[in-house]
Amino acid sequence: MKEITSQKEDYAKWYTDVIEAAELADYAPVKGCMIIRPYGYSIWENIQRILDGKIKETGHQNAYFPLFIPKSFLSKEAAHVEGFAKECAIVTHSRLKAHCHDGQAEVVVDPESKLEEELIVRPTSETIINAMFAKWVGSWRDLPLLINQWANIVRWEMRTRLFLRTAEFLWQEGHTAHATAEEAEAEAQKMLHVYRDFVEGTLGIPVLLGEKTPTERFAGADRTYTIEAMMQDRKALQAGTSHNLGQNFAKAFQIQFQNQDGQLSYVWQTSWGVSTRLIGALIMAHGDDKGIILPPNIAPLPVVIVPIYRSDEERKSVCDAAIALQRTLPVKSYVDTRDQIKPGRKFYEWEKKGVPIRIELGPKEVAQNQVVMVNRVSGEKTTIQCAEFSRNIGTYLDQIQKQLFQRALEFRQKYSFRVDDYKEFQEKIEEPGGFLYVHWCGSSECEAKIKEETKATFRCIPLDAPHEAGVCVYCKKPSTIQKRLIAARAY
């Protein structure tokens with residue numbers, strides 16, 4: 001059985017080893033793409049189910065839009081097309097035909113099937129959705145228009161990492177239209193907080209809310225808001241974004257409505273999304289050298305029961321007791337009755353898959369109506385009465401959920417630093433890494449120089465950052481925003 005590389009030895013190798021060991025995903029035959037295996041996809045299904053409910057609670061409805069976007073649509077919004085031009089996959093022909101070459105049959109592109117207008121495989125759906133918004137919106141009575149879509153996205157990435165950056169990935173993208181600028185701004189911030197509540201409450205990952213600098217904004221947005229998380233290698237991960245698009249797309253696509261005064265006005269818009277990158281965040285925020293650790297609120301199997309026996313007689317009594325225990329549990333669980341695998345290997349497998357609670361049950365425990373409960377986070381083993389375990393399982397899982405969040409929060413706090421000197425900045429970003437709170441003059445040149453020299457980027461200006469006078473960590477000119485922003489190396 002393949003051993004998992006330790007985090008300290010090689011964090012990048014550890015990450016891919018953990019994904020392989022837990023059977024979350026695999027590399028696809030198509031370069032840059034991944035295959036999400038059943039266990040990994042079950043985590044994504046839980047993310048979809050829980051987050052979809054939260055999105056619908058805010059009044060949004062799900063819809064679906066085409067995978068293909070006319071090339072001319074991307075040309076309508078200049079900043080948008082510039083931002084995605086290098087990542088677009090393009091469809092130029094509509095069919096293939098059989099061709100014989102040196103006696104060998106092969107398939108070639110039919111040159112007569114060239115499209116009149118090339119199609120872009122969606123890198124995001126603002127353009128095609130706004131083309132429909134222009135058709136659907138006519139009056140103030142049609143607003144707000146609140147749409148969400150669960151879909152796949154293609155951005156032509158060649159340097160890939162499973163879940164974090166692949167040519168094709170899964171996500172949800174919300175798109176809304178409003179009558180006023182104030183409503184759009186409130187919507188963008190509301191959805192940012194929905195993401196924060198989900199990532200912290202369900203995934204157990206603490207995040208910081210902030211606004212991106214102009215350089216880091218979404219292409220075509222007036223403002224981009226983000227939730228930023230710290231991984232265990234002290235790098236930042238952008239876990240979700242929410243964009244105030246202003247009227248940029250409305251003007252490009254002529255999305256106008258008749259207001260209550262009878263005048264034509266352009267709508268104000270937002271878009272926002274999270275992706276399968278959240279599974280990468282789960283792995284890197286919580287995992288250890290044994291494998292992934294899944295928070296109970298998102299785990300496909302919060303509890304696994306492993307019967308332990310040596311004879312056919314013991315097998316029947318222990319397995320019967322395990323199934324009887326399972327029936328008393330109010331959470332999803334699994335009884336591992338595989339005979340071809342020894343208990344020790346089963347323990348190892350379920351540890352790799354990050355199951356929050358493992359129950360060990362042998363003849364001794366059956367005789368005393370007890371179980372051995374193993375906490376995946378701490379490794380602590382506790383012998384407990386079956387009835388007590390069933391009665392308090394919710395409490396035990398809640399404790400693990402809070403334990404994971406608190407551990408991640410303390411880790412982030414340990415590696416967050418206020419830095420005013422650029423030499424110290426260079427030293428700290430290299431070792432130990434983490435979130436560096438710095439002042440900035442507002443110059444894109446300083447931002448670019450810092451990125452070039454240290455590989456650190458400005459992750460966000462925290463929304464709760466206090467006003468504070470200071471000078472730029474790089475050029476020593478006065479801070480224009482008079483707040484500290486967060487700089488970090490990032491995925």
Side-chain angles (χ1 to χ4, degrees), residues 55-56 58-66 68-85 88 117 119-120 122-149 151 153 171-195 211-226 240-273 461 463:
I55 290 170
K56 287 174 179 172
T58 59
H60 301 82
Q61 293 180 299
N62 285 341
Y64 186 80
F65 295 83
F68 302 116
I69 300 171
K71 188 177 72 172
S72 59
F73 281 23
L74 264 74
S75 302
K76 290 187 177 183
E77 213 291 323
H80 191 68
V81 69
E82 183 180 356
F84 286 101
C88 289
E117 180 181 2
L119 299 174
I120 307 302
R122 64 176 166 226
T124 181
S125 298
E126 272 76 10
T127 56
I128 197 161
I129 288 177
N130 284 320
M132 299 312 299
F133 277 16
K135 181 179 178 180
W136 297 341
V137 174
S139 162
W140 62 270
R141 296 180 182 87
D142 300 321
L143 300 173
L145 186 53
L146 309 175
I147 297 293
N148 179 62
Q149 169 175 245
I153 289 293
W171 78 351
Q172 61 74 212
E173 50 179 319
H175 298 269
T176 69
H178 305 267
T180 68
E182 292 76 17
E183 288 177 18
E185 176 64 16
E187 171 78 6
Q189 295 221 22
K190 175 174 68 179
M191 296 315 299
L192 186 74
H193 283 80
V194 168
Y195 288 156
E211 182 178 352
K212 290 287 189 181
T213 63
T215 303
E216 297 289 329
R217 274 184 203 144
F218 176 73
D222 279 0
R223 285 184 291 281
T224 288
Y225 299 105
T226 180
T241 50
S242 182
H243 316 289
N244 184 334
L245 303 177
Q247 294 181 312
N248 299 326
F249 288 91
K251 291 177 179 177
F253 286 85
Q254 292 299 300
I255 311 173
Q256 292 180 293
F257 69 101
Q258 190 175 50
N259 62 31
Q260 295 186 56
D261 296 325
Q263 304 296 315
L264 275 181
S265 297
Y266 288 106
V267 298
W268 301 82
Q269 293 181 268
T270 76
S271 67
W272 26 273
I461 305 163
L463 296 186

Checklist outcome for this item: Correct closest heavy-atom pair for Ala184 and Trp268 would be CB-CB, 3.7 Å

Checklist entry - If only atom types and distance count, is the side chain of Asn244 paired as donor or acceptor with the main-chain N or O of Gly246 below 3.5 Å? => result yes

Item to check | Lys71 NZ to Ile120 CD1 distance, which is reported to the nearest 0.5 Å | outcome: 7.0 Å

Checklist outcome for this item: For Tyr266 and Gln247 the tightest heavy-atom approach is O-NE2, 3.0 Å

Please list, one pair per line, the donor and acceptor atoms closer than 3.5 Å that link side chains of residues 131-145 to other protein atoms, with sequence neighbours excluded.
residue : atom : partner : partner atom : Å
Ser139  : OG   : Arg141  : N            : 3.1
Asp142  : OD2  : Gly138  : N            : 2.8
Asp142  : OD2  : Ser139  : N            : 2.9

Checklist entry - Between Gln149, Glu187, Gln172, which is the residue that forms a side-chain hydrogen bond (donor to acceptor under 3.5 Å, both in side chains) with His60? => result Glu187

Checklist entry - Do the side-chain N and O atoms of Ser265 and Asn259 include a donor-acceptor pair separated by under 3.5 angstrom? => result yes

Checklist entry - Any sub-3.5 Å donor-acceptor pair from Thr127's side-chain atoms to Leu74's backbone N or O? => result no

Checklist outcome for this item: Rounded to the nearest 0.5 angstrom, the CE-OG distance for Met191 and Ser242 is 7.5 Å

Checklist entry - If you count the non-hydrogen atoms of other residues, nucleotides and ligands that lie under 6.0 Å from CD in Gln254, is the total more than 12? => result yes

Next on the checklist: Under the criterion side chain to side chain contact (heavy atoms under 4.5 Å, CB included), I'd like the reasoning laid out for Leu463 against Leu192: C-alpha separation, chi angles, the key distance, then a yes or no.
Outcome noted: CA-CA 11 Å; Leu463 296 186; Leu192 186 74; 3.9 Å; yes

Checklist entry - Got a second to check how far His193's NE2 is from Tyr225's OH, nearest 0.5 Å? => result 10.5 Å

Checklist entry - How many angstroms lie between atom CD1 of Ile69 and atom SG of Cys88, to the nearest 0.5 angstrom? => result 8.0 Å

Next on the checklist: If you compare all heavy atoms of Gly220 against all heavy atoms of Ala79, which two are closest, and at what distance to 0.1 Å?
Outcome noted: N-CB, 3.8 Å

Item to check | Side-chain donor-acceptor pair present, Asn62, Asn148, cut-off under 3.5 Å | outcome: yes

Checklist entry - Using a distance-only test with no angle check, is there a side-chain donor-acceptor pair under 3.5 angstrom linking Thr176 and Thr270? => result yes

Item to check | Distance-minimising heavy-atom pair for Ala250 and Val267 | outcome: CB-O, 3.4 Å

Checklist entry - When Leu245 is tested against each of Glu77, Gln269, Arg223 for side-chain contact (heavy atoms from CB on, under 4.5 Å), which residue passes? => result Gln269

Item to check | Ring centroid separation Phe218 to Phe84 under 6.0 Å | outcome: yes

Checklist entry - Looking at Phe73, is Lys76 sitting on its ring face, NZ or CZ under 6.0 Å from the six-membered ring centre and within 45 degrees of the normal? => result yes

Checklist entry - Within the side chain of Ser125, is there an N or O that forms a donor-acceptor pair under 3.5 Å with the backbone of Ile128? => result no

Checklist entry - Under 6.0 Å from the CD atom of Glu117, do we count more than 12 heavy atoms belonging to anything else shown? => result yes

Item to check | Under 3.5 Å side-chain donor-acceptor pair for Glu173 and His175 | outcome: yes

Item to check | Minimum heavy-atom distance between Leu146 and Gly59, given as atom pair plus value | outcome: CD1-O, 3.7 Å

Next on the checklist: Measuring only between side-chain heavy atoms, which start at C-beta, is Thr241 closer than 4.5 Å to Trp272?
Outcome noted: no

Checklist entry - What closest approach, in Å, do Ser271 and Glu126 show between heavy atoms, and which atom pair accounts for it? => result OG-OE2, 2.8 Å

